[in-house]
Student: 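Let me begin by handing over the structure; questions about it come next.
Numbers restart at 1 for each chain; the letters A, B, ... are given by sequence-line order, proteins then strands. Computed from heavy atoms alone, side chains included, the values below leave out hydrogens, waters and symmetry copies.
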Amino acid sequence: MIFDGYKICVLSGFAGFTKMSGEIISKNISKNGGTIIPLPQARNQTSNLTLIIVPEQSDEKMILKVMNLTSLPSCPLVSPNWAINSTNSKTLHDPNDYQIKKTELPIKRQSPQTYQSPPQSPFEAYKTLPLVPLSNSPEMNRTQTNPILNQNNTRLHDDLLQNKDKYMFTKEQPNLNEHITSVLEILMENYFLLRDRGRGFAYRSAIIVLKSHPEKIICGDQVGNLQKVGKKIKKKIQEILETGTLKRVKAMDEQSRLKAIKEFSKIWGVGSATADKLFTLGYRTLDDLRKNIPQFLNDNQRICLELFDEIKERIPREEVKEISDQVVEYAKLLLPNKDIEANTCGSYRRGKETCGDIDILLTFDDVLENKLFLRELVDYLIEKKVVTHVLILSENCKKHESFTFEGIAKKPDGLHRRLDIKIYPRKYYAWALMHFTGSANFNRSIRLFAKNKGLKLTDEGLFPAIRSHGETICGGNLVECYTEEDIFRLFDMPYKPPEQRDL
DNA sequence: GCCT
DNA sequence: CAGTACG
DNA sequence: AGGCCGCTACTG
């Protein structure tokens with residue numbers, strides 16, 4: 001037990017170190033033999049404590065205030081990373097390596113209440129990010145640089161600019177390597193359907209690189225130095241250049257299992273696992289399913305099977321706009337006093353002539369005080385025969401501060417169409433707009449970039465984050481941005497319009 | 001399958 | 001919990 | 001060895 005004999009007080013719930021993270025850390029300490037001294041007790045027996053875990057971004061004054069003491073205890077003040085790293089490595093790290101220096105603490109950082117556009121320079125921008133406990137981790141410093149935590153302005157700036165090149169965020173040119181990527185995309189899709197996630201990932205990232213490559217590849221040697229294109233994929237590319245296709249793909253086309261899985265997984269709500277199950281049960285075609293509906297399909301899957309031939313059709317841009325306008329009009333009717341802001345996102349916002357579905361994002365003031373609004377809107381849309389089916393309707397989110405509708409809509413004379421409506425508070429709106437505008441690959445790329453900077457990017461915003469075993473166990477405060485332009489500025493990238501976010 |  | 005979905 | 005986006009949100 002690595003923490004045997006340790007008496008530890010965990011101070012959380014301020015300076016970017018959340019209560020939740022504090023609890024997780026406390027639990028891990030207890031599990032590994034340590035004793036957690038609750039704050040009230042700790043106050044009275046500071047001399048008994050081995051050490052106190054405090055937020056990285058805390059200063060003397062805050063700690064005194066939280067502990068309700070007039071002078072700091074004599075025991076060491078240690079970063080949460082000490083506990084995290086010790087737990088993870090199952091060896092006791094030296095607390096001295098993680099000490100919060102009492103004298104050098106006051107790097108004051110007041111979180112501004114009023115919003116200002118993020119400044120131009122990435123360093124200036126990062127200064128506005130609340131710090132999270134992490135910087136003292138030697139492991140982190142070795143394996144990656146974390147600009148937020150970096151004290152050196154110049155290095156920070158250079159680091160950000162250098163690493164950016166390695167990530168594909170936007171595609172300025174059209175895809176010059178369609179002849180290759182179209183074949184590899186089939187291979188990728190097949191691997192995901194066969195649940196060979198590893199190869200799926202590999203082909204996905206290689207395809208993104210190839211799509212963004214500024215010259216047309218006509219000879220295998222040209223891919224020699226491309227990121228994510230290794231030996232095997234290079235060989236595949238050569239085969240494609242010589243024969244126009246891949247033996248592997250042809251062989252896969254022959255597999256009746258894969259063929260059926262491919263067909264079934266086009267049904268909304270049916271993925272590779274369910275499709276595979278259907279094949280095992282003897283189903284081979286959609287007609288087989290329609291004739292004898294499998295018991296284990298849920299309501300949503302049944303609805304979407306029934307409407308399959310309509311839902312699968314692409315939606316003309318014009319119709320996306322008509323249905324969106326209708327939805328927004330009704331929303332405004334229901335909340336006449338609110339200044340409702342709306343965007344139709346997805347491929348529509350990226351300028352496509354046809355779209356797979358309709359993706360509407362809404363915001364207004366006090367979204368969280370109108371928890372029933374989405375339900376009312378959906379009821380109204382059903383009454384007005386705009387919405388025909390509800391697949392998903394998040395009623396009231398406790399932890400999460402947004403609302404989701406996924407369902408099916410239809411013009412009086414039109415086909416059934418997939419419709420999504422999301423409502424986010426203004427605070428998250430720009431981040432949500434970016435998320436729902438996509439593309440999916442754009443989101444993946446920029447999120448990975450953020451992640452490698454010690455940040456977490458989601459549909460609800462950008463946060464400083466500590467991860468352990470892939471899980472974020474300690475997050476900082478939201479970085480507020482109210483326009484997409486500001487988000488790009490924060491990442492020190494020139495603004496990219498939605499049309500350039502296809503990857 | 002590729003990268004750290 | 002696994003499975004599926006959204007961009 | 002382990003990650004490859006999100007401690008996504010939802011269903012059954």
Side-chain angles (χ1 to χ4, degrees), chain A residues 18 20-21 24 142-144 166-167 184 187-188 191-192 195-209 226-236 264-265 267-277 296-301 304 345-350 355-359 361 390-395 397-407 418-422 431-452 455-463 465-475 498 501-503:
Chain A
T18 63
M20 235 229 284
S21 308
I24 293 170
R142 202 176 54 244
T143 56
Q144 64 186 100
K166 287 198 287 191
Y167 299 84
L184 293 183
L187 199 50
M188 172 191 77
Y191 278 129
F192 275 119
R195 279 175 291 176
D196 184 345
R197 303 197 355 120
R199 288 190 175 78
F201 285 132
Y203 283 98
R204 182 156 73 196
S205 40
I207 287 165
I208 291 174
V209 171
L226 284 189
Q227 296 268 329
K228 308 290 181 181
V229 180
K231 252 194 191 160
K232 306 273 197 71
I233 295 184
K234 181 179 176 182
K235 227 174 146 185
K236 301 270 190 306
F264 297 154
S265 59
I267 305 168
W268 190 96
V270 175
S272 53
T274 309
D276 196 7
K277 203 152 111 188
F296 66 86
L297 288 189
N298 66 33
D299 291 351
N300 288 346
Q301 290 164 330
C304 294
C345 303
S347 46
Y348 177 85
R349 189 154 182 265
R350 294 203 310 278
C355 305
D357 66 358
I358 304 156
D359 208 331
L361 184 61
V390 178
L391 301 171
I392 284 170
L393 181 58
S394 77
E395 294 286 322
C397 301
K398 287 166 206 151
K399 179 186 168 190
H400 201 245
E401 303 187 337
S402 65
F403 304 89
T404 299
F405 160 80
E406 286 172 30
R418 277 275 298 106
L419 170 68
D420 292 350
I421 306 172
K422 337 262 174 184
W431 300 108
L433 184 61
M434 178 124 142
H435 168 80
F436 288 110
T437 298
S439 65
N441 279 338
F442 170 80
N443 288 349
R444 286 188 190 105
S445 291
I446 198 162
R447 284 172 194 205
L448 184 61
F449 172 75
K451 183 175 197 161
N452 290 336
L455 302 166
K456 180 188 63 163
L457 177 59
T458 75
D459 56 335
E460 285 194 345
L462 180 71
F463 308 84
I466 297 176
R467 290 182 174 82
S468 164
H469 300 311
E471 269 187 300
T472 302
I473 57 172
C474 181
R501 299 181 208 163
D502 268 307
L503 283 183

Student: Just how far, in rounded Å, is P of D:dA9 from CD of A:Glu401?
Tutor: 11 Å
Student: Within the 4.0 Å heavy-atom criterion, would you say A:Gly198 contacts the bases, only the backbone, or no part of the nucleic acid?
Tutor: base
Student: Are side-chain heavy atoms of A:Leu187 and A:Lys236 found at a separation under 4.5 Å?
Tutor: yes
Student: Side-chain N or O of A:Lys231 versus OP1/OP2 of B:dC2: is the shortest distance under 4.0 Å?
Tutor: no
Student: Rounding to an integer number of angstrom, what distance separates D:dT11 and D:dG6 when you compare their P atoms?
Tutor: 24 Å
Student: First and last nucleotide of DNA chain C in contact with chain A, 5' to 3', at under 4.0 Å to a heavy atom: what are they?
Tutor: C:dG3 to C:dG7
Student: Where does D:dC5 fall, syn or anti, if syn means a chi angle no more than 90° from 0?
Tutor: anti
Student: Just compare D:dC4, B:dC2, D:dT11 and give me whichever is closest to any side-chain atom of A:Leu448.
Tutor: D:dC4
Student: Expressed in angstrom and rounded to an integer, what is the separation of A:Tyr203 atom OH from D:dG3 atom P?
Tutor: 22 Å
Student: Any side-chain N or O of A:Lys234 less than 4.0 Å from the OP1 or OP2 oxygen of B:dC2?
Tutor: no
Student: Looking for any heavy atom pair under 4.0 Å, which part of the strands does A:Ala273 touch: base, sugar-phosphate only, or nothing?
Tutor: sugar-phosphate
Student: Considering all heavy atoms of both residues, which atom of A:Asn443 and which atom of A:Met434 are nearest to each other, and what is their separation?
Tutor: OD1-O, 3.8 Å
Student: Ignoring hydrogens and angles, state whether a donor on the side chain of A:Thr437 or A:Arg349 is under 3.5 Å from an acceptor on the partner side chain.
Tutor: yes
Student: Within the 4.0 Å heavy-atom criterion, would you say A:Ile267 contacts the bases, only the backbone, or no part of the nucleic acid?
Tutor: sugar-phosphate
Student: A:Asn443 near the nucleic acid: base, sugar-phosphate alone, or nothing, with a heavy-atom cut-off under 4.0 Å?
Tutor: base
Student: How far does the P atom of D:dC7 sit from the matching atom of D:dG12, given to the nearest Å?
Tutor: 25 Å
Student: Could you check whether A:Ser205 gets within reach of a base, just the sugar-phosphate, or nothing at all, counting any heavy atom under 4.0 Å?
Tutor: nothing
Student: May I ask you to say what A:Arg349 touches in the nucleic acid, namely base, sugar-phosphate or nothing, with a heavy-atom cut-off under 4.0 Å?
Tutor: nothing
Student: Identify the two heavy atoms, one from A:Val390 and one from A:Asn300, that lie closest to each other, and give their separation to 0.1 Å.
Tutor: O-OD1, 4.0 Å
Student: Classify A:Arg195 by what it touches in the nucleic acid, base, sugar-phosphate, or nothing, heavy-atom distance under 4.0 Å.
Tutor: nothing
Student: Just to be sure I understand the rule, does A:Asp359 reach a base, reach only the sugar-phosphate, or reach nothing, if contact means heavy atoms closer than 4.0 Å?
Tutor: sugar-phosphate
Student: Just call it for A:Asp196: base, sugar-phosphate, or nothing, with non-hydrogen atoms closer than 4.0 Å on any strand.
Tutor: nothing
Student: May I ask you to decide whether A:Asp359 forms a salt bridge with A:Arg418, counting only side-chain N to carboxylate O separations under 4.0 Å?
Tutor: no
Student: Would you measure the distance from the P atom in B:dC3 across to the matching atom in D:dC5 and give it in whole Å?
Tutor: 15 Å
Student: In whole Å, what is the span from the CD1 atom of A:Ile446 to the P atom of D:dC5?
Tutor: 14 Å
Student: How long is the line joining CZ of A:Phe296 and C1' of D:dT11, in whole Å?
Tutor: 15 Å
Student: Mind checking A:Ser347 for me? I need base, sugar-phosphate or nothing, with any heavy atom below 4.0 Å counting as a touch.
Tutor: nothing
Student: Considering just the side-chain nitrogens and oxygens of A:Lys456, establish if one lies under 4.0 Å of OP1 or OP2 belonging to D:dG6.
Tutor: no
Student: Nearest whole angstrom, please: distance from the P of B:dC3 to the NZ of A:Lys232.
Tutor: 12 Å
Student: Would you check if the side chain of A:Ser347 reaches a backbone N or O of A:Cys355 as a donor-acceptor pair within less than 3.5 Å?
Tutor: no
Student: Could I get the full list of ring pair (Phe, Tyr, Trp, His ring centres under 6.0 Å) partners for A:Phe405, not counting sequence neighbours?
Tutor: none
Student: At what distance, to the nearest 0.5 angstrom, does CD of A:Gln301 lie from CG of A:Leu391?
Tutor: 10.5 Å
Student: Looking only at atom C1', what distance separates D:dC4 and C:dC1, rounded to whole Å?
Tutor: 23 Å
Student: Write down the distance between CG (A:Asp459) and C1' (D:dC7), rounded to a whole number of angstrom.
Tutor: 13 Å
Student: Go through DNA chain C and write down every stem, that is, every run of at least three consecutive Watson-Crick or G-U wobble pairs with distances under 3.5 Å, as range with range.
Tutor: C:1-5 with D:8-12
Student: A:Met434 CE to D:dG6 C1': how many Å, rounded?
Tutor: 14 Å
Student: Answer yes or no on whether A:Lys422 is positioned over the face of A:Phe403, meaning its NZ or CZ is under 6.0 Å from the six-membered ring centre and within 45° of the axis.
Tutor: no
Student: Could you check whether any side-chain heavy atom of A:Glu460 comes within less than 4.5 Å of a side-chain heavy atom of A:Trp431, counting everything from C-beta outward?
Tutor: no
Student: Determine, step by step, whether A:Tyr191 and A:Arg197 satisfy the side chain to side chain contact (heavy atoms under 4.5 Å, CB included) criterion, reporting the C-alpha distance in whole Å, the side-chain angles of both residues, the deciding distance to 0.1 Å, and the verdict.
Tutor: CA-CA 7 Å; A:Tyr191 278 129; A:Arg197 303 197 355 120; over 6 Å; no
Student: In whole angstroms, how far is the C1' atom of B:dT4 from the CZ atom of A:Phe201?
Tutor: 16 Å
